[in-house]
Amino acid sequence: MSKPPSVLFVCLGNICRSPLAEAAFRQEAARVGVEVEAESAGTGRWHIGEAPDRRAQAVAKRHGIDISAYRGRLVSREDFHRFTHIVALDPDNLRVLHALSPADATAEVSLLLDHVPGREGEAVSDPYYGDLSQFEETWADVALGSAALLRKLAGGS
Ligand code: 4NP
């Protein structure tokens, strides 16, 4: 049997969007009974070692997931071999990932909302300078994107 898919979600700070994507993806995988591995990382260094933003923690909790033990980390070149899929939360971070990717990378790199018909090329909105309602909007986007991604992975692609 082949290894379960392993997905790394990547945003800028790894305290808002990508931890929420990781949480939504884990929750959906558990709901449908698919075995996956998931982590998240950032392309910026500001929040390494920190817990997710309190507003992200609150929104995740409202949707049934405790993300308080998640810790910010930087994406690394090793990740392109460790994970089967690396998923950017917006086109800027997708460009950073393509620039960082080693020539012999084995991970498939994509944009989260490219997996959602009609939302191709779109960024998951960055809620950092917003209020809780913007974090709810982010949750809706990552829930949609991660469910679509999971359907593809479970379908064997
Ligand atoms: P994230 O949000 O990339 O979704 O985690 C941000 C977090 C921190 C910063 C920007 C965006 N920052 O500039 O520190």
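Positions are given from 1, in the same order as the sequence printed here. Every number for a ligand or one of its atoms is a count from 1 in the order of the listing.
Ranking protein heavy atoms by distance to atom 14 (O) of ligand 1, first place goes to His47 NE2, 2.9 Å. The shortest contact between atom 12 (N) of ligand 1 and any protein heavy atom is with Tyr128 CE2, 3.7 Å. Among protein heavy atoms, the minimum distance from atom 11 (C) of ligand 1 is reached at Asp126 OD2, 3.7 Å.
A salt bridge links Arg17 with Asp90; the closest basic N to acidic carboxylate O contact falls under 4.0 Å. Between Asp66 and Lys61 there is no salt bridge, since none of the side-chain N atoms of the basic residue sits less than 4.0 Å from a carboxylate O of the acidic one. Asp79 and Arg73 are joined by a salt bridge, as a carboxylate oxygen and a charged side-chain nitrogen come within less than 4.0 angstrom of each other. Arg119 and Asp141 are joined by a salt bridge, as a carboxylate oxygen and a charged side-chain nitrogen come within less than 4.0 angstrom of each other.
A side-chain donor from one of His81 and Asp104 sits under 3.5 Å from a side-chain acceptor of the other.
Within ligand 1, the atoms closer than 4.0 Å to a non-hydrogen atom of Leu12 are 3 (O), 10 (C), numbered from 1 in the order shown. Remark: ligand 1 atoms within the under-4.0 Å shell around heavy atoms of Gly13 are 1 (P), 3 (O), 5 (O), 7 (C). Heavy-atom proximity to Cys11, at under 4.0 Å, picks out these atoms of ligand 1: 1 (P), 3 (O), 4 (O), 5 (O). Residue-ligand proximity, Ile15 to ligand 1, at heavy-atom distances under 4.0 Å covers atoms 5 (O), 7 (C), 8 (C). Ligand-side atoms of ligand 1 in range of Cys16: 1 (P), 2 (O), 4 (O), 5 (O), range being under 4.0 angstrom from any heavy atom.
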Checklist entry - So Ser6 and Glu37, side-chain hydrogen bond (donor to acceptor under 3.5 Å, both in side chains) or not? Walk me through it. => result CA-CA 4 Å; Ser6 52; Glu37 285 170 20; 4.8 Å; no
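At least one N or O atom of Arg17 sits closer than 3.5 Å to an N or O atom of ligand 1.
Within the 4.0 Å heavy-atom criterion, neither part of Asp53 lies near ligand 1.
Contacts of Phe83 classified as ring pair (Phe, Tyr, Trp, His ring centres under 6.0 Å), with partners at least two apart in sequence or in another chain: none.
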